[in-house]
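Scroll down for the structure; my scribbles are underneath it.
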Amino acid sequence: MLTRLKRRIQAQPIGFGCAVFTLLAVCWLPLAWYLARSVVNEEAERYVVLVKARRASELNRVTDNLRGRFDYLKAAPEIIAHTGEIRRALQQPSRDAIDTGNRYLQMYVARSLADTLWVLDRSGKVLMGSDAGQPDNLIGTHLPQRQYFVDAIGGLPGMQFSYGTRTGIPGFFFSAPIMADGMVLGVVVLKVKASTLDKVIDDSDLLISDVFGVSVLARHEALRMRALPGAAALSLSAEMLQHLYHRNAVQALRLVPTQKPLPQGLFFLDGGATPYLFLTNHDPQLNGLRVHMLVPIRSLEALPAQQRFYFGLIGGCGLLFGAFGLLVAIYLLRTRGLSRQLALANRELRQQADTDFLTGCANRRKFDRRFASELARSLRYGSPLTLALIDIDHFKRINDVHGHPVGDAALIQLVDLIQQGIRETDQLGRLGGEEFGLLLPQTEIDGVLALLERLRKQVEQQVLPVAGGEIVVTISIGYAAVRPGDDVARLRARADAALYAAKQGGRNRVCREANDIIAPDEI
């Protein structure tokens, strides 16, 4: 059976390949569609979560801002209700007293967020107002049917969204009773226009609904005076709507839930193609007002097209991978050996790039990189770090008298001795010529002296054979520890100054920063 199948494959490789490819396509394409939908849905849900968190924070900020404004507007009528000029004008309504009250109201309006202020007597008649003297003033007008007057005349503060009696301009009315000896003398009414509060809304996605669920404030004209889903205004009579909103009907705001592949919790607005995120914040201190955010997420409009794109990408890549799988396997097998050779070559090149070609220790490039890294770690975690600079004494004389090969041998011998005497975590590097740097992490400066002095003695005790005899090589060492606020240049400068002090002090010695020189015979 297997032999016959092999013969068929060898006889008709193209036909067999087409059959296998067709089978792979039949099995793979439905899976590719599922994967594409999963990827798109996950990305969309993640994006919506981020947008929701960010916009919810913004909604809370605006709600807090609006609550502060309303607290101020609520307090204003109560403040005016306790004003002596206003009370005297109600108790003794003479011309002078009323004129004084009008001027007081005008002054208050000029210095506040309010647009208009009135004072009504017990019958609901407007006796004083900040609009006194204007053509459309309400002086003498009776407003007993207004809910804000009814609440205040009953001894309670009131608030209502309504339209102006004469101007027809929408706004919010705040009222407070004027009391004297336990009796209500009249009512103070403050009006702030909707357009004035609209300036407080600094986000184009915000809207505010009243107690009946009608959006009374919104940046977009198309969203104003629209009833939100489930709003009580949809069940009010035409007469009541006319009284409240100067219209016989309010148009409902149609929010239709989206379907997959769009994430749940989004809506289409008024039959549009753009999905919206609808957020609501209910603050009890806003007297029934609610702050909403209707956020368009236009990037999700292309979600179906994006799913088709991912399907084409995933499906196409899968089919190509199946078709060329054998070719890739052969290619990988043939290039495995080349990859190993290349890795070895790269490793050798990296080692050569970081290693001094003569001594085998780190070169300046690697040392400086390690120096910067250890200094940053030390400053961040407060761990100790010491830098020592080592220089061969009279190195030029060695080269001039005995030749450069002897000088090279001295460098190699020095590196071997130091490498044997330090830890694996320490870093020795050739900084140039006969100067070396020794980096000692996790080492307090008070504990460095013994190590450096031991290294100095080992170098001094090791003779170097030359033609006709042998010579003794000595070294000078300067070291410094990291301080708060250090950088590479500052720490190196202090260590270099210590090395210079060791040189000036007679060489073949260890010198600590701040000119604390340690002579060989002091140990």
Side-chain angles (χ1 to χ4, degrees), residues 66-81 83 86 90 101-102 104-106 108-110 112-132 134 136-178 184-201 208-217 224-225 233 236 240-247 283 285-291:
L66 190 65
R67 183 177 62 247
R69 301 278 181 154
F70 269 65
D71 288 342
Y72 167 78
L73 293 171
K74 292 176 185 176
E78 296 181 5
I79 293 173
I80 296 173
T83 304
I86 301 300
L90 281 175
N102 289 336
Y104 178 82
L105 297 178
Q106 291 168 0
Y108 195 96
V109 165
S112 68
L113 186 65
D115 289 302
T116 317
L117 279 165
W118 299 285
V119 175
L120 287 66
D121 62 11
R122 290 182 54 82
S123 66
K125 180 181 177 181
V126 179
L127 292 181
M128 291 171 280
S130 62
D131 58 350
Q134 299 179 9
D136 295 329
N137 69 79
L138 293 182
I139 303 299
T141 305
H142 284 78
L143 304 172
Q145 74 282 7
R146 295 286 180 156
Q147 186 61 44
Y148 56 78
F149 176 79
V150 175
D151 292 339
I153 204 68
L156 300 173
M159 191 195 84
Q160 179 186 2
F161 173 82
S162 185
Y163 281 74
T165 303
R166 294 186 180 177
T167 62
I169 297 175
F172 291 88
F173 294 81
F174 300 85
S175 62
I178 303 174
V184 179
L185 300 178
V187 173
V188 178
V189 179
L190 179 149
K191 177 183 179 181
V192 58
K193 298 177 183 177
S195 58
T196 301
L197 280 181
D198 192 39
K199 298 175 184 177
V200 179
I201 303 177
I208 300 174
S209 64
D210 66 357
V211 293
F212 297 104
V214 176
S215 60
V216 295
L217 288 178
R224 294 176 185 173
M225 304 312 299
L236 296 177
M240 189 64 178
L241 292 174
Q242 182 66 34
H243 173 69
L244 292 174
Y245 306 111
H246 282 208
R247 59 193 66 202
D283 191 328
Q285 297 185 30
L286 292 181
N287 294 74
L289 294 182
R290 295 196 177 191
V291 185

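At a threshold of 4.5 Å between non-hydrogen side-chain atoms, the residues P157 and K74 do not count as touching. For the pair V188 and I178, the minimum side-chain heavy-atom distance is below 4.5 Å. The closest side-chain heavy-atom distance from D210 to L289 is below 4.5 Å. Looking only at side-chain heavy atoms (C-beta outward), L143 and Y148 come within less than 4.5 Å of each other. You'll find the side chain of V189 stays beyond 4.5 Å of the side chain of F149, heavy atoms only. In this structure, the side chains of V291 and D283 stay at 4.5 Å or more apart for every pair of heavy atoms. Put simply, the side chain of F161 does not reach to within 4.5 Å of the side chain of V211, judged on heavy atoms. The shortest side-chain heavy-atom distance between L73 and F172 does not fall under the 4.5 Å cut-off.
Atom CG of L244 and atom OH of Y163 lie 10.0 Å apart (nearest 0.5 Å). The CH2 atom of W118 sits 10.5 Å away from the CG atom of N137 when rounded to the nearest 0.5 Å. Taken to the nearest 0.5 Å, the CG atom of L127 stands 4.5 Å off from the CG atom of D121. For the atom pair R146 CZ and Q160 CD, the distance stands at 6.5 Å (nearest 0.5 Å).
Using a distance-only test at 3.5 Å, with no hydrogens or angles considered, no donor-acceptor pair links the side chain of R290 to the main chain of G213. With T116 contributing its side chain and K191 its backbone, the two residues share no donor-acceptor pair below 3.5 Å. Judged purely by atom type and a 3.5 angstrom limit, S130 uses its side chain to pair as donor or acceptor with the backbone of L117.
No hydrogens or angles considered: nothing links the side chains of N102 and Q106 as a donor-acceptor pair under 3.5 Å.
For V214 against A233, the heavy-atom pair with the smallest separation is CG2-CB, 3.3 Å. Of all the heavy atoms in P77 and L190, the pair that sits closest is CG-CB, 4.0 Å.
Between F70 and F174, the gap from one ring centroid to the other is short of 6.0 Å.
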